[in-house]
Amino acid sequence: MFHELLIKDIRATTGFIERNFNLIKRYIGWEIVFMVYTIVNAVTIGLIGVTSGDPNKVVYLIIGALLWGFLSIIFHEVAESISWERWEGTIEFTFMAPARRITYLLGMSTYAVIYALIRSAIVLFFLSLFFEIKLTNINIPIAVLVVVVSSFSFIGMGLIAAVFPLLSPEKGSQATHIFQAIILLISGVYYPISVLPGWMQKLAIISPATYTLRAVRAAILDGKGLNELSGDIIILIILGIILIPIGLIIFSMGERYAKKVGKLNRNG
Amino acid sequence: MKTYAVLVDDVYKSFKSKSKKKKKKKKRLFLELFKQAQDRFYAVNGISFNIHYGEIFGILGQNGSGKSTLIRMISTLLTIEKGQIKVFGFDVKKDDHKVRQYINRVTVEASFFKKLSTTENLLYAASIYGLRRADAKKKIPEILGVLNLDITRLDEPLENFSRGMQQKVAIARAVLTSPSLLLLDEPTTGLDPKSKREVQKFILSICETHNTTVIITTHDMEEADKICDRIAIIDSGKFIKIDTPEGLKNAIRKNSEDVTLEDVFFKMTGKEFKSDELEDN
């Protein structure tokens, strides 16, 4: 019985992932447009660093552009999964299927991580063509570990934000974008958070991106290891452990509310 | 105790009335809060019925009469305010996951990922219903063939298909998952007469071969007369009468005059039947 359920869950999870990649294939024109924009954006930011004459500044900014690209895609894809279903008019069909909601969200999150990895790898390739960077004291395994750990907290935040489009189709999607913009502002993506106004620095403490960027930069620029970065890594693990269940609970509450007031149908 | 395929017991569902919104703004807060509780309309207002295994049960009603709300509640997409709905003995509120394993629904608007092909859409549906990919790949051309769909176009995006063809794919998608209860919410609205006949024939054949229970809402009186075992007439969220097509006609027949279901509808609700394409609730 459990074995059968597990197989069905795996089929459903792969079904969600495959569906999203099929959609990318069908919207390939837009995919190329967004890719070009992301590459140009990352290169432009790197070139701002070149004007400072400090090679470390270039790396500092490139790490910001790459990591923000990776983490924001995870957040965006998970958060916008509901908006996408609403836009296509398939939300009732998907929600009426016997696939459990946790399976749906797992499928969306797995797809988001794979998609973000592919996009980030392409951006990294183009950045390597533009900038000749020599890093002598780099700790790649720790940088990768930090990125992997931080992915969970961004999935959690995406789950929390996914509830907005569930409650209000248009305003929900707008709220998701504002949420994403605030994380960009407060997390020190392109500058240290010390330059932010005092009250905003307090907000930065709750953003997982703050710890991710700080730890990855320390691993790549200063070659810091697990001992020195354990504080940031532990915070990221705790945030992931807290945010994913909170996201699932909030999503479940949002779905119950949507079913109560009749917000699931296409006109919502 | 007799088990029905579907048991609906004194079910209610109300929504906030949208038309009163502008007036509310002018009122003071406490009055507004009081009025909010009042400004609700009942889309489904105390409906009870049961459906036997393998039965085709039709629901006839005008736009806004509560047909789609009822279908949504049975398909676990809307929560019940009061009352109880059981599908094959499972409560739609408490055992919603279990209920979803037995049902599928076709709506008036064929809801697909329109940029994806027929095959991609149907394989996606198969995967989220837990079907084996190989089985689905085998069944897809078989079902579409019966529905007279051109199986050489399976890899084309669905947006290239006519509405009638999309609706046939929607029916194929529902049947692909072998539901024991098939909920058809105006499945033939907007189809040409030939496609309509093919779909009706298909519904009858799956009921016969798979003993599928069907609930169908329709605007087409002839269709209801032809395929339904029993029909319920719904008006303002209430069932006015449930009977066989012949029973409904006999109820208003005087002497041996010819009576249609349209006459029955007019007589029982006092309203002319309007067959608009879409319904909101």
Side-chain angles (χ1 to χ4, degrees), chain A residues 3-31 81 84-104 106-108 111 252 255-268, chain B residues 13-16 43 68-69 71-81 92-93 96-107 109-117 119-121 123-133 136 157-159 170 173-174 177 179 183 185 278-281:
Chain A
H3 176 70
E4 198 183 318
L5 277 176
L6 184 69
I7 286 175
K8 283 188 175 181
D9 277 342
I10 292 169
R11 281 181 193 146
T13 307
T14 50
F16 290 124
I17 297 169
E18 187 190 18
R19 181 201 78 183
N20 284 2
F21 278 108
N22 281 336
L23 283 167
I24 288 179
K25 203 171 68 189
R26 298 285 180 178
Y27 286 98
I28 194 69
W30 281 111
E31 204 54 43
S81 55
W84 192 262
E85 294 256 12
R86 274 200 182 281
W87 187 64
E88 294 274 5
T90 54
I91 191 162
E92 285 198 324
F93 178 77
T94 302
F95 276 31
M96 198 188 62
R100 289 179 297 163
R101 211 59 74 231
I102 196 162
T103 311
Y104 172 78
L106 177 70
M108 290 303 155
Y111 155 76
S252 160
E255 187 183 339
R256 272 204 300 275
Y257 174 77
K259 284 183 176 179
K260 188 180 167 196
V261 297
K263 290 265 184 189
L264 274 190
N265 62 345
R266 157 191 311 239
N267 300 318
Chain B
K13 183 73 191 176
S14 69
F15 296 104
K16 209 188 257 183
S68 297
T69 300
I71 294 281
R72 278 201 174 91
M73 284 195 285
I74 297 169
S75 52
T76 76
L77 293 168
L78 262 181
T79 49
I80 301 163
E81 200 166 305
V92 294
K93 209 169 176 180
D96 56 342
H97 182 69
K98 200 89 188 159
V99 169
R100 287 200 283 265
Q101 292 172 18
Y102 294 100
I103 62 169
N104 212 319
R105 185 178 73 129
V106 177
T107 56
E109 301 156 309
S111 49
F112 286 109
F113 290 93
K114 298 250 170 32
K115 286 266 177 203
L116 299 188
S117 69
T119 306
E120 286 166 342
N121 268 293
L123 284 177
Y124 164 62
S127 68
I128 62 174
Y129 276 80
L131 267 67
R132 278 183 65 223
R133 197 179 174 85
L158 267 169
E159 64 183 0
R173 179 177 62 178
T177 64
L183 302 157
D185 198 358
L278 304 173
E279 187 186 2
D280 284 335
N281 56 35

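These numbers come from the heavy atoms of this one structure, side chains and all, not from hydrogens, waters or symmetry mates. Reminder, nothing fancy here: chain letters follow the sequence lines and each chain counts from 1.
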Student: Considering only heavy atoms, which portion of A/Tyr27 lies under 4.5 Å from any heavy atom of chain B: side chain, backbone, both, or neither?
Tutor: side chain
Student: Report the distance from atom CD1 of B/Ile80 to atom NZ of A/Lys259, rounding to the nearest 0.5 Å.
Tutor: 11.5 Å
Student: Of all of B/Ser127, B/Ser14, B/Ala174, which one pairs up most often with chain A through heavy atoms under 4.5 Å apart?
Tutor: B/Ser127
Student: Measuring from A/Glu92:CD to B/Glu109:CD, what's the distance to the nearest 0.5 Å?
Tutor: 9.0 Å
Student: So which part of B/Tyr129 gets closer than 4.5 Å to some heavy atom of chain A, the side chain, the backbone, both or neither?
Tutor: both
Student: For the residue pair B/Arg133 and A/Glu18, establish whether any side-chain heavy-atom pair is separated by less than 4.5 Å.
Tutor: yes
Student: For the CG atom of B/Leu78 and the CG atom of A/Leu264, what is their distance to the nearest 0.5 Å?
Tutor: 7.5 Å
Student: Please look at B/Asn104 and chain A and tell me whether the side chain, the backbone, both or neither of the residue comes under 4.5 angstrom of a heavy atom of that chain.
Tutor: both
Student: Kindly indicate, with the supporting measurements, whether the criterion salt bridge (charged side-chain N to carboxylate O under 4.0 Å, His left out) is fulfilled by B/Lys115 and A/Glu88.
Tutor: CA-CA 9 Å; B/Lys115 286 266 177 203; A/Glu88 294 274 5; over 6 Å; no
Student: Would one find more than 12 heavy atoms of other residues, nucleotides or ligands at under 6.0 Å from atom CD1 of A/Ile102?
Tutor: no
Student: Could you check whether any side-chain heavy atom of B/Gln101 comes within less than 4.5 Å of a side-chain heavy atom of A/Lys8, counting everything from C-beta outward?
Tutor: no
Student: So what's closer than 4.5 Å to chain A heavy atoms on B/Arg132: side chain, backbone, both or neither?
Tutor: both
Student: Taking all atoms of both residues into account, what is the closest heavy-atom pair of A/Thr90 and B/Phe112, and its distance?
Tutor: CG2-C, 3.4 Å
Student: Count the heavy-atom pairs under 4.5 Å between each of B/Glu120, B/Met73, B/Lys13 and chain A, then report the option with the highest count.
Tutor: B/Glu120
Student: In residues 93-100 of chain A, which residues are in contact with chain B at a heavy-atom separation under 4.5 Å?
Tutor: A/Phe93, A/Thr94, A/Phe95, A/Met96, A/Ala97, A/Pro98, A/Ala99, A/Arg100
Student: Closest approach of A/Arg11 and B/Leu131, non-hydrogen atoms and distance?
Tutor: CD-O, 3.2 Å
Student: Would you please name every residue forming a side-chain hydrogen bond (donor to acceptor under 3.5 Å, both in side chains) with B/Thr76, sequence neighbours left out?
Tutor: B/Arg100
Student: Is the shortest heavy-atom distance from the side chain of B/Leu116 to the side chain of A/Arg26 under 4.5 Å?
Tutor: yes
Student: Is the shortest heavy-atom distance from the side chain of A/Arg256 to the side chain of B/Thr79 under 4.5 Å?
Tutor: no
Student: Counting only heavy atoms not in A/Lys25, do more than 12 sit closer than 6.0 Å to its NZ atom?
Tutor: yes
Student: How long is the straight-line distance from CG of A/Asn22 back to CZ of B/Phe113, given to the nearest 0.5 Å?
Tutor: 10.5 Å
